[in-house]
Q: 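My structure is below; once you've seen it, I'll send some questions.
Proteins come first, then strands; the chains are lettered A, B, ... in the order of their sequence lines, and each starts at number 1.
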Amino acid sequence: MDLAYNQQYTEFRDELRSFLETHGSESPPAHERGKPSSQAVAWQQKLIEHGYAARTIPKEYGGYGAEPDILEAHIIAEEFARAGVRMGHNGDNRLVPTVLELGTEEQKQWLIPPSIRGEMNWCQGYSEPGSGSDLASLTTKAELDGDEWVINGQKIWTSGAQHADMIFCLVRTEPDAPKHNGISYLIFTMDTPGIDVRPLVTMTGEAIFNEVFFTDVRVPKDQIVGQRGEGWFVANNTLKHERGGLGDPNQAESRFHDIVEIMKRETIDGQRLIDNPVYRDRLLKLQGKMLAMKFNGMRVLSHFAKDEEPGLPRWIVKLNGCELNHQMANMAIDALGELGVLYDDSAHLRDGGMWQQRYMLDLGLIIGGGTAQIQKNMIGERALGLPKEPKYEQQA
Amino acid sequence: MDFALTEEQRMLQDSVSGYLTNTCSIEIIREAAAAGQAHNTMLAQGLAGLGVTSILVPEDFGGVGLGFLEAALISESLGAVAAPVSFTSTAVMAPVALLNAGSEEQQEAHLPRIAAGAAVYGVAVTEQIGRRDSDGIQAADGKLQGQAMFVLEGMDADQIIVADSIGALYLVDATEVKKTALKTIDRTRSVAKIEFSNTPAELLPGSASSREPLLAMIDAGRVMLAADTLGAGQKMVKDSIAYAKERRQFNRVIGSFQAVKHMCAEMAAELEPCRAMVWYAAHALDAMPDEARLMACHAKAHLSEVGQFVARTATEVHGGMGMTDLLGLHYWFKRIGLDRQLLGAPELVREEAALAQGWL
């Protein structure tokens, strides 16, 4: 057990701190919607130059070109959170690693440099109205016509499609193959004729997701990652990257401290919420859960740093992390009480309505990226070795 | 940065677990429960031979001088087999009290005996945590008056460390007190009511004007109970998974039903982070004094909550068999049940956590 970082990392952290002190004020606001502003693009460029964004992406594709080091990545996340400064990005956390691992040289040159600069923005075309948890049953089809794919069908839950320049999209190209072997991974621009994006307003009142309709959308034949019929395996590579990120313990800890501040600040009938033993006990229970997940995260990180597969401690991160975030938003709302149901630009609204947004959006994160129920199946089957449910067809 | 056990720590835990798996069978547990004998001397001697009782005792006093993390790993292993043997009070709380508050003479008299596994030490702290009924201990002129309940290992103890009404600690010869067994649901540890009537008591001088020795002893005890629950919980999850893979209904093993699979997944998801939490809390006792109290409180409270969930869910996965003495799963259910209440139930301990971070 050694919780200290060695000199290499303490120096790295010190440099980063002084960078953030000097330049932190140049960062764009935390929550920007739509295409990145010119300020955001300039900030990203500065971060790449200093190695705090696109850090491990090779230089020839516009990155900083450092060797992957999980502890450095962790320190970057910690210090940006601590300074309250917006992090940079790696282009797209799903697309870029996938193209780096599985794309052709030409695709890497074409896609990665503008993506990490924030000049090429992506959306993900996976889910369909009939294919959610059972994603591999998707039916959007692509047929080869000469040198072009012709795509017809519909996607849904497509985050950011209304602002995206490009889409990476799963389509069925081999209708006669078993479902997992009939899918291909295509990439194309969103201004291709035949694409119709219809924003899907969620319970928050905003359109974060979209429906995307494809009618005879023609895409050059070589805009495929991996081979025909290999798209499922290419995409799983992508999902692997997504699952790691949705339950970030650093974020949970900083949210927890925000709730403590709310409970010290807000009063009901003249009493601070934190002085009410019932509310306080609920807060302390959440703190226990948060700390357990924080230490679990340190354990997972230490495995990764030694190139070990963490196993169970990693499998539970998405399930527990998303649930914890939602419970914390719920706690904040309940601590605010009637103030917690104010909305929009109401008088007396607290923190700009952030907790109300989170309370709703965090429920979406429990569902998205593999629902809690799918997570429990995966934990049960892959980590605990319990048998799969027999297929319905086989029972009949 | 490496938040992980060292090779030596893994080997220590493997050797203790290996010994216990071979020795502490369900028959041993049943015998202990039937006889009301919660300190199996054969097990105690075997464990002492492995260095278990000397774990926290410095080398100068014949111990191995390891830390709380090592002690927590042992406690976890004991919980996993519901071992009927004194550990938390004898091997952890007593040495902590003696090291923090004992005089040189007291340390020389007692620490080597603890290290050798030659005596059982009870701990009586209900005066300071969860005083019930007519508890209450007064000290005057080197004599104690009053009663303490839920004295850890009270029936088997040779010596008892007693906290009085102001939190000073005393050593009392167990033959000088009146002991009454309190029969709990868990027969693998003994707790007793102890009555003092003008009983000679030896003050641990370092505790006379500071509550720190008392609190340090309680912190350490809480982390050990959390580790015990971790081990017992892991055992119950493991058994549930094995049962769910084997038991068939409707022509399928029940583990293929999502209802059962999800119960197993939920137990694993709740319990696995607890392992990291126990490690951290134990390490804080060893190396991070500023965080130690808060983490001990949270480990005790959180493991109590998760332990309760695991104990009931694992029993449900086993269906009717889970309720039976034939299967014996109930020994772990009860072990977790006792761990939860001793040295402060979760609600009380969380209030101390609030205090420890200046919220009150």
Q: Check each atom of B:Leu303 against the heavy atoms of chain A and say whether the ones under 4.5 Å are side chain, backbone, both or neither.
A: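 No part of it gets close to chain A.
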Q: Who among A:Lys285, A:Lys289, A:Lys388 has the most heavy-atom pairs with chain B under 4.5 Å?
A: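 Ranked by contacts with chain B, first place is A:Lys285.
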Q: Where on A:Lys306 is there a heavy atom nearer than 4.5 Å to chain B: the side chain, the backbone, both, or neither?
A: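 The side chain, not the backbone.
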Q: Is it the case that more than 12 heavy atoms not belonging to A:Glu67 sit under 6.0 Å from its CD atom?
A: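 Atom CD in A:Glu67 is not packed in, count stays at 12 or less.
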Q: Relative to chain B, which segment of A:Leu71 carries a heavy atom at a distance below 4.5 Å: side chain, backbone, both, or neither?
A: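 Interface part for A:Leu71: side chain.
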Q: Tell me, out of A:Val260, A:Ile379, A:Leu386, A:Leu291, who's got the most heavy-atom pairs with chain B below 4.5 Å.
A: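 Of A:Val260, A:Ile379, A:Leu386, A:Leu291, A:Leu386 has the most heavy-atom pairs under 4.5 Å with chain B.
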Q: Is it the case that over 12 heavy atoms from other parts of the model lie below 6.0 angstrom from the CE atom of B:Met11?
A: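 It does not: B:Met11 CE has 12 such atoms or fewer within range.
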Q: Checking heavy atoms, do the side chain of A:Asn377, its backbone, both or neither come under 4.5 Å from chain B?
A: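 For A:Asn377, backbone and side chain are both near chain B.
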Q: To the nearest 0.5 Å, how far apart are CD in B:Glu270 and CD in A:Glu323?
A: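 Output value for this atom pair is 8.5 Å.
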Q: With rounding to the nearest 0.5 Å, note down the distance linking CE in B:Met1 to CG in A:Asp2.
A: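 Output value for this atom pair is 8.5 Å.
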Q: With a 4.5 Å cut-off on heavy-atom pairs, point out which of B:Met263, B:His262, B:His302 contacts chain A the most.
A: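 Sorted descending by pairs with chain A, the first entry is B:His262.
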Q: Identify which part of A:Leu319 has an atom lying under 4.5 Å from any heavy atom of chain B, answering side chain, backbone, both or neither.
A: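 It is the side chain, since no backbone atom gets that close.
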Q: Shorter than 4.5 Å, heavy atoms on both sides: which option in B:Glu347, B:Glu305, B:Glu351 has the most such pairs with chain A?
A: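 Looking at each of B:Glu347, B:Glu305, B:Glu351 in turn, B:Glu351 comes out on top.
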Q: Would you mind telling me which of A:Leu283, A:Asn6, A:Leu301 has the largest number of heavy-atom pairs within less than 4.5 Å of chain B?
A: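 The option with the most such pairs is A:Leu283.
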Q: Is the shortest heavy-atom distance from the side chain of B:Tyr280 to the side chain of A:Met298 under 4.5 Å?
A: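 The answer is yes; the side chains approach within 4.5 Å.
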Q: Atom CZ of residue position B:Phe3 - does it have more than 12 heavy atoms of other residues, nucleotides or ligands inside 6.0 Å?
A: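 More than 12 heavy atoms, drawn from other residues, nucleotides or ligands, come within 6.0 Å of this atom.
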Q: Kindly give the heavy-atom pair with the smallest separation between A:Leu312 and B:Ala268, and that separation in Å.
A: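 Looks like CD2-CB, 4.1 Å.
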Q: Atom CG in A:Asp275, atom CG in B:Leu360: separation rounded to 0.5 Å?
A: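 Reported value, rounded in 0.5 Å steps: 7.5 Å.
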Q: Answer with side chain, backbone, both or neither: which region of B:Met295 has an atom nearer than 4.5 Å to a non-hydrogen atom of chain A?
A: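 Side chain only.
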Q: Can you give me the closest heavy-atom contact between A:Arg272 and B:Trp359, atom names plus distance?
A: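 Closest approach of A:Arg272 to B:Trp359: NH2-O, 3.9 Å.
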Q: A:Ile316 versus chain B, heavy atoms under 4.5 Å apart: side chain, backbone, both or neither?
A: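 Side chain only.
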Q: What's the separation between atom CG in B:Leu5 and atom CE in A:Met1, rounded to the nearest 0.5 Å?
A: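 Result: 5.5 Å between the selected atoms.
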Q: Sort A:Asp281 into side chain, backbone, both or neither according to what part of it lies under 4.5 angstrom from a heavy atom of chain B.
A: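 For A:Asp281, backbone and side chain are both near chain B.
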Q: Begin from the C-alpha positions of B:Arg252 and A:Glu389 and carry the test side chain to side chain contact (heavy atoms under 4.5 Å, CB included) through to its verdict.
A: CA-CA 9 Å; B:Arg252 295 161 55 175; A:Glu389 190 132 18; 3.3 Å; yes
Q: Considering residues at least two apart in sequence or located in another chain, which fulfil the salt bridge (charged side-chain N to carboxylate O under 4.0 Å, His left out) criterion with B:Lys261?
A: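 Counting only residues at least two positions away or on another chain, B:Lys261 forms a salt bridge (charged side-chain N to carboxylate O under 4.0 Å, His left out) with A:Glu381.
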Q: With only heavy atoms counted, which part of A:Val300 is less than 4.5 Å from chain B, the side chain, the backbone, both or neither?
A: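 Looking at A:Val300, nothing touches chain B.
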Q: Shortest non-hydrogen contact from A:Pro387 to B:Lys245?
A: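 Between these two residues, the closest heavy atoms are CD-CG, 4.5 Å.
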Q: Contact part of A:Ala4 toward chain B, heavy-atom cut-off under 4.5 Å: side chain, backbone, both or neither?
A: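 For A:Ala4, backbone heavy atoms alone lie under 4.5 Å from chain B.
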Q: What do you reckon, is CZ of A:Arg265 surrounded by more than 12 foreign heavy atoms closer than 6.0 Å?
A: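 More than 12 heavy atoms, drawn from other residues, nucleotides or ligands, come within 6.0 Å of this atom.
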Q: Heavy-atom distances under 4.5 Å only: say whether B:Ala269 touches chain A with side chain, backbone, both or neither.
A: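 Both parts, backbone and side chain.
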Q: Run the numbers on B:Trp279 and A:Arg299 for side chain to side chain contact (heavy atoms under 4.5 Å, CB included), then give the verdict.
A: CA-CA 10 Å; B:Trp279 288 357; A:Arg299 189 175 164 210; 3.8 Å; yes
Q: How close do A:Gly288 and B:Met277 get, heavy atom to heavy atom, and via which atoms?
A: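 Closest approach of A:Gly288 to B:Met277: O-CE, 3.4 Å.
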Q: Heavy-atom distances under 4.5 Å only: say whether B:Ile241 touches chain A with side chain, backbone, both or neither.
A: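 Both backbone and side chain of B:Ile241 come within 4.5 Å of chain A.
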Q: So B:Arg350 and A:Arg280, do their side chains get closer than 4.5 Å, heavy atoms only?
A: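 Sidechains of B:Arg350 and A:Arg280: no contact.
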